[in-house]
Participant: 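Got a structure here, written out as structure tokens. Questions coming.
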Amino acid sequence: NIIDSNSNSSTNTIRTEPIAQNIIKLISNLCFSIFVFSVLIFTVIAITYQPPDPWLQSSPALTNLFTQTENSTFHIDTSVIKTGEDIPLSPQDSPLPLPSSAVAANATPAVTEALIEKSEEKIANSSTTCEDLPETLNCSDPRVLITIQRFNLRAFKSISFFEYRTPVNGTVPGECDVSWRFRNKREKSWRKYRDFRRFKITVTDDCRYKVIHAGGFHSGTNARRNPVLRSRTGGSKGKTVPLISTRDDEINDTIPTLGSESNFRSGKYLYYSRGGDYCKGMNHYMWSFLCGLGEAMFLNRTFVMDLSVCLGSMYNPSNKDEEGKDFRYYFDFEHLKEVASIVEEGEFLRDWKRWDKTHLKKRKVPVRKVVTHKVTPMQLQKDKSTVIWRQFDSPEPENYWYRVCEGQAAKHIQRPWHALWKSKRLMNIVTEISGRMDWDFDAVHVVRGEKAQNKELWPHLDSDTSPDVLLDKLKGMVQPWRNLYVATNEPYYNYFDKLRSSFKVHLLDDYKELWGNSSEWYNETSLLNNGKPVEFDGYMRVAVDTEVFYRGKTRVETFYNLTNDCKDGVNTC
């Protein structure tokens, strides 16, 4: 029995051991399979994932781009200029309260087919027969306006129309001039622009009005709103020639004042002295400026703003930095005033000096001087001083404004990209160029310049953007004989002549009169510059090129469609 018992025990042990080993093997194989599967998934994601292009994405993506390059030099593509109106809000962005101008701009709805039908219902009871129609076209007939509205909706699908005015007679019978305001549907701002065109109208067999010809952009001169008469001395005898101005009277970029001494003393200000950012590239300038403005918003203070801008050498033909440029040449100061609390530096310093002079040492303005960017905005949140004065006297790159928003501050300071729009005067040029092509054009962005010459970082860019190669590639992307706007930094005007064999080519220099010495842009910027002419510089050219390019129906990019080179150089894709 004992032998049998031992024999059974030994048999059970023999049977148990293989089962345990099998379980261990099974668990090992399962863990290894999970590991292999995880590696496979990670590999697929690493191969297929493409980070968001910050120039085409939301403000957080743009912020991430600059955060990844927090150093003294920004190697961002300067051939594209993005500002707040080009950057859509991301899902995590909270909607911002609209300023008064936006509320007023959105008070009038866009003209739609439904609104037109309602207008038709109102005049349905007063319908007339063919015999009742006058021999001479009556442009003030409501049905004429309805006909023109419906024509525009069909002809310009990328445009939203607002605030039509009653049509007036053109220069000959059968023509009507009408004005309206509009906005391109791709524009993220609430700004509106004005157009006035001439239409040739006829009556159909069923007694309806029909547009048989539409004039070009700003062709309906008799419908120009509130024409402003001015004079110009010209001609061989020096006679004064009356001109009709199309000046945009809606631009209000006057410098706000603080008012009384009590207003100044009751305010709270954040003042940044000039740092190492001055005369750097415009991307660097915007990144630093929005850091300062973002800190002021975080601290609930008024930002003291220097309107003097130094334009970096990369935008000047002389290849030299140019000081004394006005912020208002490049950006929409009126919009900035509406969405942020700001005061111009000169006004602020005059009021500060006047207060101290009046009150001597008795009640001087309380000032907190901050000499290092390492003092965070969070540490200043409870400071009661009238002025917090950040001074940037350290050597570069410690004296860059954007250093304030690094580290822990980056979690609290949001750069207000929505506050920085391009100048309305520059956008009027964009609108004029797009309007002359009847908003029906395609666009190609061709980057050349220094990048095309640098074969180490961009080995194929020069050959991939040569005229012959460009023509072959564009034939497969753009329909023949379309209007093709070429946004480029190529200085040689005739470089793109070969494209003219297949497309109606338009370049920025085709529209030089829009900033020439007889243009409204020239006159208005001269007023900002104490009567001295303002050069249409390289930054303005890129800004206009960028915005016209974005309005193209088909858009062809250099680094996505024309070449396999990486946008920021070899091995950066």
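The first residue of the sequence shown is numbered 1, and numbering continues consecutively from there. What you see is a predicted model, and the numbers here were worked out from it, not measured in a lab.
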Participant: Assess whether ring-ring contact (aromatic ring centres under 6.0 Å, His included) is satisfied between Phe289 and Phe331, documenting all intermediate values.
Facilitator: CA-CA 12 Å; Phe289 171 76; Phe331 303 105; 7.7 Å; no

Participant: For the residue pair Asn184 and Tyr550, confirm or rule out a side-chain donor-acceptor distance under 3.5 Å.
Facilitator: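 The answer is no; no qualifying pair exists.
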
Participant: Verify the distance criterion only: is there a donor paired with an acceptor across the side chains of Asn529 and Tyr329 at less than 3.5 Å?
Facilitator: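 Yes, side-chain donor-acceptor contact under 3.5 Å.
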
Participant: Tell me, do Leu426 and Trp421 make a side-chain contact under 4.5 Å, heavy atoms counted?
Facilitator: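 Result no, sub-4.5 Å side-chain heavy-atom pair not found.
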
Participant: Mind checking whether Phe196 and His218 have parallel, tilted or perpendicular rings, split at 30° and 60°?
Facilitator: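 Parallel.
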
Participant: Determine whether more than 12 heavy atoms belonging to other residues, nucleotides or ligands lie under 6.0 Å from atom NZ of Lys353.
Facilitator: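 Counting neighbours around NZ of Lys353, 12 or fewer heavy atoms of other residues, nucleotides or ligands fall under 6.0 Å, so no.
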
Participant: Suppose we screen for side-chain contact (heavy atoms from CB on, under 4.5 Å). Which residues come up paired with Leu349, at least two apart in sequence or across chains?
Facilitator: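 So Leu349 forms a side-chain contact (heavy atoms from CB on, under 4.5 Å) with Tyr271, Glu345, Trp352.
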
Participant: Does the side chain of Tyr485 pick up a donor-acceptor pair with the side chain of Asp510 at under 3.5 Å?
Facilitator: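 Side-chain D/A pair, Tyr485 to Asp510: absent.
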
Participant: Quick one: CD on Glu524 to CG on Asn428, what's the gap to the nearest 0.5 Å?
Facilitator: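 Reported to 0.5 Å precision, the distance equals 7.5 Å.
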
Participant: With under 30° as parallel and over 60° as perpendicular, where do the rings of Trp401 and Phe392 fit, or are they tilted in between?
Facilitator: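 Tilted, since the angle between the ring planes falls between 30° and 60°.
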
Participant: Would you check, one step at a time, whether the test side-chain hydrogen bond (donor to acceptor under 3.5 Å, both in side chains) holds for Ser385 with Asp383?
Facilitator: CA-CA 6 Å; Ser385 303; Asp383 196 290; 2.7 Å; yes

Participant: side-chain contact (heavy atoms from CB on, under 4.5 Å), that's the test. Do Glu520 and Glu432 meet it? Break it down for me.
Facilitator: CA-CA 12 Å; Glu520 290 303 323; Glu432 181 88 20; over 6 Å; no

Participant: Ring-plane angle category for Tyr193 and Phe182, please: parallel below 30°, perpendicular beyond 60°, tilted otherwise.
Facilitator: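 The rings of Tyr193 and Phe182 sit tilted, inter-plane angle from 30° to 60°.
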
Participant: If we count only N and O atoms by modelled type, under 3.5 Å, do the side chains of Tyr402 and Glu406 hold a donor and an acceptor together?
Facilitator: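 The criterion, which ignores hydrogens and geometry beyond distance, is not satisfied for Glu406 and Tyr402.
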
Participant: For the rings on Phe264 and Tyr269, is their centre-to-centre separation under 6.0 Å?
Facilitator: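 Distance test on ring centres: under 6.0 Å, yes.
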
Participant: Could you tell me whether Lys192 sits above the aromatic face of Phe162, with NZ or CZ closer than 6.0 angstrom to the six-membered ring centre and within 45 degrees of the axis?
Facilitator: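 Checked: cation-pi criterion met.
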
Participant: Applying side chain to side chain donor-acceptor pair (under 3.5 Å), can you list everything that pairs with Glu347, at least two apart in sequence or on another chain?
Facilitator: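 Residues passing side chain to side chain donor-acceptor pair (under 3.5 Å) with Glu347: Arg350.
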
Participant: Establish, from distance only, whether the side-chain atoms of His506 and Tyr511 form a donor-acceptor pair under 3.5 Å.
Facilitator: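 Yes, Tyr511 and His506 have a side-chain donor paired with an acceptor closer than 3.5 Å.
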
